[in-house]
S.K.: 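Shown below is the structure under consideration.
Order of listing sets the numbers, starting from 1, for every ligand and every atom in it. Count residues from 1 along the sequence. Just so it is clear, the model here is predicted, and its values are computed rather than measured.
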Amino acid sequence: MFRTIADPDPSEFAGKRVVVTGGSRGIGAAIVQRFLDGGATVVATARSATSETPPAASFISGDISSNDGVRAFASGALDALGGVDILINNAGAARAYPEGIDSIPDEEWQDALDLNYLSAVRLTGALLPALREAGAGSVVVNISSGTALSPQGPTAHYGAAKAALANYGKALASELAPAGIRVLTLTPGNVLTPGADAIRQAIADTMGVTLEATTAGVPLGRAGDPRDVAEAVVYLASDRAQWVTGTNLVVDGGELPTF
Ligand SMILES: NC(=O)c1ccc[n+]([C@@H]2O[C@H](COP(=O)([O-])OP(=O)(O)OC[C@H]3O[C@@H](n4cnc5c(N)ncnc54)[C@H](OP(=O)(O)O)[C@@H]3O)[C@@H](O)[C@H]2O)c1
């Protein structure tokens, strides 16, 4: 079980303008809440808000899987915040194809790239002038996935898109470092959220095992809680990590066999 940590410093992100994609539920909602707890002003987006969406954030509904959708959201976020200091590219999803790579339709590869990779590339590009204006100390965090490091057939389209995201983040980090803008990748392992549970259920059904079995065997003894990821994100986005850029931080309870 997640052990509640000491109260966050309510002034750590005071004055910071934060954008979180996929902030309606799951990991994104926990990230939004954690920045709010740290005193930030936050704009979140997703296609629809849920009961999990933190009400203290501004919520802009929209679909960021197209360039037009990204541009509309970027413009709305800048209108709401007047600028941006921290961008968290968290929106992502996958449909599992338990029969393997050969069963993944062509359009699904494109959809996976559009949402899990290109939405982050496009949004970062759209907000880059604002991030440059905010200057040294501004931060981009891209949320990848353990499947990018440990690929599996049923989600190969998604894993490839997330691997591309990490590769892109490393290049962007080098390019923006002279401006003092940091770019990080965070790679979660199995975290209990509505979206990930649906994928794991599809895989469990095919394997004839329970949903719980898909997250058994984590060395630290449990699957992740969205707040585990949110804590790592706020560390990476904070001045506590001011000499950290281009890094891929794995947050997985020790599950991935690689590093
Ligand atoms: N949970 C895990 O085990 C795990 C592991 C590795 C990586 N990740 C990554 O972590 C991130 C968060 O995952 P999660 O588990 O919290 O997933 P989730 O519960 O399904 O939440 C996904 C978020 O993305 C939004 N989203 C999906 N499609 C969108 C679109 N076209 N336009 C705008 N927003 C969209 C969703 O809202 P709407 O559907 O309303 O748009 C929701 O806010 C994702 O990038 C995921 O790939 C998760």
S.K.: Say you draw a straight line from CD1 of I143 to OG1 of T187; how long is it, rounded to the nearest 0.5 Å?
M.R.: 8.5 Å
S.K.: Using a 4.0 Å cut-off to any heavy atom of A196, which atoms of ligand 1 qualify?
M.R.: 1 (N), 2 (C), 3 (O)
S.K.: Answer yes or no: is there an ion pair linking R222 with D228, defined by an N-O contact shorter than 4.0 Å?
M.R.: yes
S.K.: Please list the nearest protein heavy atom to atom 43 (O) of ligand 1 with its residue and the distance rounded to 0.1 Å.
M.R.: S24 OG, 2.6 Å
S.K.: At what distance, to the nearest 0.5 angstrom, does CG of N167 lie from OH of Y117?
M.R.: 7.0 Å
S.K.: Show the nearest heavy-atom pair for residues V244 and L236, with the distance to one decimal.
M.R.: CG1-CD2, 4.5 Å
S.K.: Do N89 and T124 meet the criterion of a side-chain donor-acceptor pair at a distance under 3.5 Å?
M.R.: yes
S.K.: Which residue and atom name correspond to the protein heavy atom nearest atom 34 (N) of ligand 1, and how close is it?
M.R.: A46 CA, 3.5 Å
S.K.: Testing V234, N90, L186 for side-chain contact (heavy atoms from CB on, under 4.5 Å) with V229, which one passes?
M.R.: L186
S.K.: So, does N190 sit close enough to ligand 1 that a heavy atom of it is under 4.0 Å from the ligand?
M.R.: yes
S.K.: Might you point out which heavy atoms bring S138 and A134 nearest each other, and give the distance in Å?
M.R.: CB-CB, 4.2 Å
S.K.: Between the main-chain N or O of N116 and the side-chain N or O of S119, is there a donor-acceptor pair closer than 3.5 Å?
M.R.: no
S.K.: Tell me: protein heavy atom nearest atom 7 (C) of ligand 1, and distance?
M.R.: S144 O, 3.1 Å
S.K.: Please report whether ligand 1 has a polar contact with D63, defined as an N or O pair separated by less than 3.5 Å (distance criterion only).
M.R.: yes
S.K.: Can you sort out which atoms of ligand 1 are near P194, meaning under 4.0 Å from one of its heavy atoms?
M.R.: 19 (O)
S.K.: Any idea which atoms of ligand 1 are less than 4.0 Å away from a heavy-atom of R200?
M.R.: 3 (O)
S.K.: What is the distance from atom CG of D205 to atom CZ of R200, rounded to the nearest 0.5 Å?
M.R.: 13.5 Å
S.K.: For atom 24 (O) of ligand 1, what's the nearest protein heavy atom and its distance?
M.R.: G22 CA, 3.4 Å
S.K.: Going by the order shown, which atoms of ligand 1 are within less than 4.0 Å of some heavy atom of L115?
M.R.: 28 (N), 29 (C), 30 (C), 31 (N)
S.K.: Quick check: I64 and ligand 1, any N/O pair under 3.5 Å apart?
M.R.: yes
S.K.: Side chains of D63 and S65: any donor to acceptor distance under 3.5 Å?
M.R.: yes
S.K.: For Q201 and D197, does a side-chain donor sit closer than 3.5 Å to a side-chain acceptor?
M.R.: no
S.K.: Run down the list I27, V32, V251, D197 and name the one with the heavy atom closest to atom 13 (O) of ligand 1.
M.R.: I27
S.K.: Closer than 4.0 Å to some heavy atom of G62 - which atoms of ligand 1 meet that?
M.R.: 32 (N), 33 (C)
S.K.: How far is atom 44 (C) of ligand 1 from its nearest protein heavy atom, and which residue and atom name does that atom have?
M.R.: N90 O, 3.1 Å
S.K.: Could you find the nearest protein heavy atom to atom 22 (C) of ligand 1 and give me its residue, atom name and distance?
M.R.: G92 O, 3.7 Å
S.K.: Rounded to the nearest 0.5 Å, how far does CZ of R182 lie from OG1 of T247?
M.R.: 9.0 Å
S.K.: Look at atom 17 (O) of ligand 1 and say which protein heavy atom is nearest, naming residue and atom and giving the distance to 0.1 Å.
M.R.: T193 OG1, 4.0 Å
S.K.: Please confirm whether S48 comes within less than 3.5 Å of ligand 1 when only nitrogen or oxygen atoms on both sides are compared.
M.R.: yes
S.K.: Under a 4.5 Å cut-off applied to non-hydrogen side-chain atoms, are L81 and V19 in contact?
M.R.: yes
S.K.: Should you measure from each heavy atom of G189, which atoms of ligand 1 turn up under 4.0 Å away?
M.R.: 2 (C), 3 (O), 4 (C), 5 (C), 6 (C)
S.K.: For ligand 1, find out whether one of its N or O atoms is nearer than 3.5 Å to an N or O atom of N116.
M.R.: no
S.K.: Considering the heavy atoms of A91, write down every atom of ligand 1 situated less than 4.0 Å from one of them.
M.R.: 24 (O), 45 (O)
S.K.: Below the 3.5 angstrom mark, is there an N/O of Y158, backbone or side chain, next to an N/O of ligand 1?
M.R.: yes
S.K.: Tell me which protein heavy atom sits closest to atom 19 (O) of ligand 1, plus the residue, atom name and distance to 0.1 Å.
M.R.: R25 NE, 3.2 Å
S.K.: Using a strict 4.0 Å threshold on nitrogen-to-oxygen distance, state whether D114 and R122 make a salt bridge.
M.R.: yes
S.K.: Using a 4.0 Å cut-off to any heavy atom of S145, which atoms of ligand 1 qualify?
M.R.: 6 (C), 7 (C)
